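Values in this document were obtained by computation on a predicted structure and should not be read as measured data. Order of appearance sets the numbers: ligands from 1, and atoms from 1 within every ligand.
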Amino acid sequence: MQTINMASPLLQWYFDNERTLPWRLNSDPYRIWLSEIMLQQTQVITVIDYFNRFTAAYPNLEALASADEHDVFKLWEGLGYYSRARNLLRCAKTLVSQYDGQFPQDLKTMLSLPGIGPYTAGAILSIAFNQAVPAVDGNVMRVMSRLYASYEDIGNPKTRPHIEAMVMANLPEDRRHFNQALMELGALVCTPRSPQCDLCPLTGICQAFKQSLVTQLPIKLQKIKKTKHHVPVALVFSNHDILLVKKSGEGLLSGLWGLPLVELSDESPADDMAKSALGGWLSENIGIESVRWEVALGETKHVFTHKTWLMTLWPCHTDVKPQVDFPEMAWVSPNDLSHYPMSTAMLKLIRQTKPFAHLREV
Ligand code: SF4
């Protein structure tokens, strides 16, 4: 791979323009790891508060490793993609129990840890330990594709090794700052839709700029096709308490609390069908054989990576208050709802559905 002498102007630009962010205060691998996991699929501005709260509660690996999953989920609440929080905890426990509380400094071992992929491993190894490893995220894919005028599809996993080779061909001794500088350029200047080439330190060597290809690159052909699901959700009252259930297993939202729900096909279900599906779930899983339904309240949309939920809240009442082990469940006073970590989708549903928004203010 041809070197394009980008390191020096890029580093100079970075030292003049880098944003002050809490995870950049030092090169502690714990803070770098945590920030990189939080930044996956989430904007910097959102992550800052979460990062500060999280590091105040768990200032180091040992503190996190001894945390309870419920408390970790509670701190993560609203950040979405909860599998990240689950893997974070697993990884911390693994590092403390098997690696003496230290991050390994070789790529192979790093990649064997829960929730750590090539990008996160590269970021930790280069930023914390100044190792010669690329850290290729979406920003870096875009910047390198433009610099080299590459027509390879960045949505295709086979393109990653080629982009990594481009980074490696240009990696200077200061890997710690080079990888961060590339990401920062992608975030601030070489943005997806309106790159500010007039502010870029690399116009002199950028092939996309020279060939007027900036708006055409990078190529991204593969799009995730989202499926649409109608999701009736039961707001079950018994006296003044509300039924909450905890999602078990390993899948989407597992480990989080919420109202009982059923996921139906993409056809909009008739009211009777929605109530029948929810009633069946309550009977089968909780032992509630009959409820008095009220009218449904509005529709709330939530978009996941691979699918969209259209949620409808169905208030209902029951005279019985069964207590069963599976799924994990609780009858909760509305005032105590905020003690239970819930998914972003569930919070949105409760907050957006008047007159129940007051049930969950935080
Ligand atoms: Fe991106 Fe423009 Fe800089 Fe090229 S010159 S790297 S397209 S901002």
Side-chain angles (χ1 to χ4, degrees), residues 1-21 23-24 32 35-36 39-48 117-120 122-123 125-127 130-224:
M1 183 63 65
Q2 187 192 354
T3 304
I4 53 173
N5 298 321
M6 60 184 285
S8 177
L10 178 63
L11 283 170
Q12 191 54 56
W13 171 87
Y14 180 64
F15 294 137
D16 293 341
N17 293 281
E18 68 170 310
R19 290 168 292 180
T20 304
L21 298 169
W23 47 90
R24 288 184 178 159
I32 291 160
S35 68
E36 293 298 347
L39 286 164
Q40 289 166 13
Q41 319 277 354
T42 312
Q43 292 187 328
V44 167
I45 192 75
T46 306
V47 167
I48 291 173
Y119 165 71
T120 309
L125 289 171
S126 62
I127 300 170
N130 200 36
Q131 288 204 16
V133 183
V136 174
D137 68 351
N139 282 326
V140 175
M141 288 262 193
R142 181 173 61 256
V143 173
M144 297 313 289
S145 294
R146 285 172 173 164
L147 285 174
Y148 278 83
S150 166
Y151 280 84
E152 287 189 271
D153 172 16
I154 64 167
N156 184 341
K158 289 181 181 161
T159 302
R160 170 178 282 275
H162 300 159
I163 302 283
E164 288 179 343
M166 294 173 195
V167 174
M168 289 303 284
N170 292 284
L171 208 59
E173 281 299 307
D174 185 354
R175 296 94 180 212
R176 174 165 286 137
H177 293 114
F178 180 80
N179 278 344
Q180 291 188 87
L182 257 183
M183 297 176 216
E184 195 79 334
L185 189 78
L188 299 182
V189 176
C190 193
T191 51
R193 272 175 283 283
S194 307
Q196 301 179 72
C197 299
D198 50 333
L199 300 177
C200 180
L202 304 178
T203 44
I205 52 175
C206 177
Q207 288 304 316
F209 182 77
K210 287 182 178 175
Q211 298 173 40
S212 300
L213 296 170
V214 172
T215 54
Q216 294 170 46
L217 295 175
I219 305 291
K220 191 171 184 182
L221 298 177
Q222 294 183 351
K223 287 211 165 61
I224 295 166

### Task
Could you tell me whether the side chain of Ser145 and the main chain of Val143 form a donor-acceptor pair under 3.5 Å?
no
### Query
Hey, is the main chain of Asn170 close enough, under 3.5 Å, to the side chain of Thr3 for a donor-acceptor pair?
no
### Message
I'd like to verify the contacts: list protein N, O or S atoms under a distance of 2.8 Å from atom 1 (Fe) of ligand 1.
### Response
Cys190 SG
### Residue pairs passing the side-chain hydrogen bond (donor to acceptor under 3.5 Å, both in side chains) test where at least one lies in residues 186-195, sequence neighbours excluded
none
Please table the atom pairs, donor to acceptor, closer than 3.5 Å between any side-chain atom in residues 6-14 and protein atoms at least two apart or in another chain.
{"residue": "Tyr14", "atom": "OH", "partner": "Glu18", "partner atom": "OE1", "Å": "3.2"}

### Query
What residues form a side chain to side chain donor-acceptor pair (under 3.5 Å) with Thr203, not counting sequence neighbours?
none
### Summary
Scanning both residues in full, the closest heavy-atom pair of Ser150 with Leu217 reads O-CD2, 3.3 Å
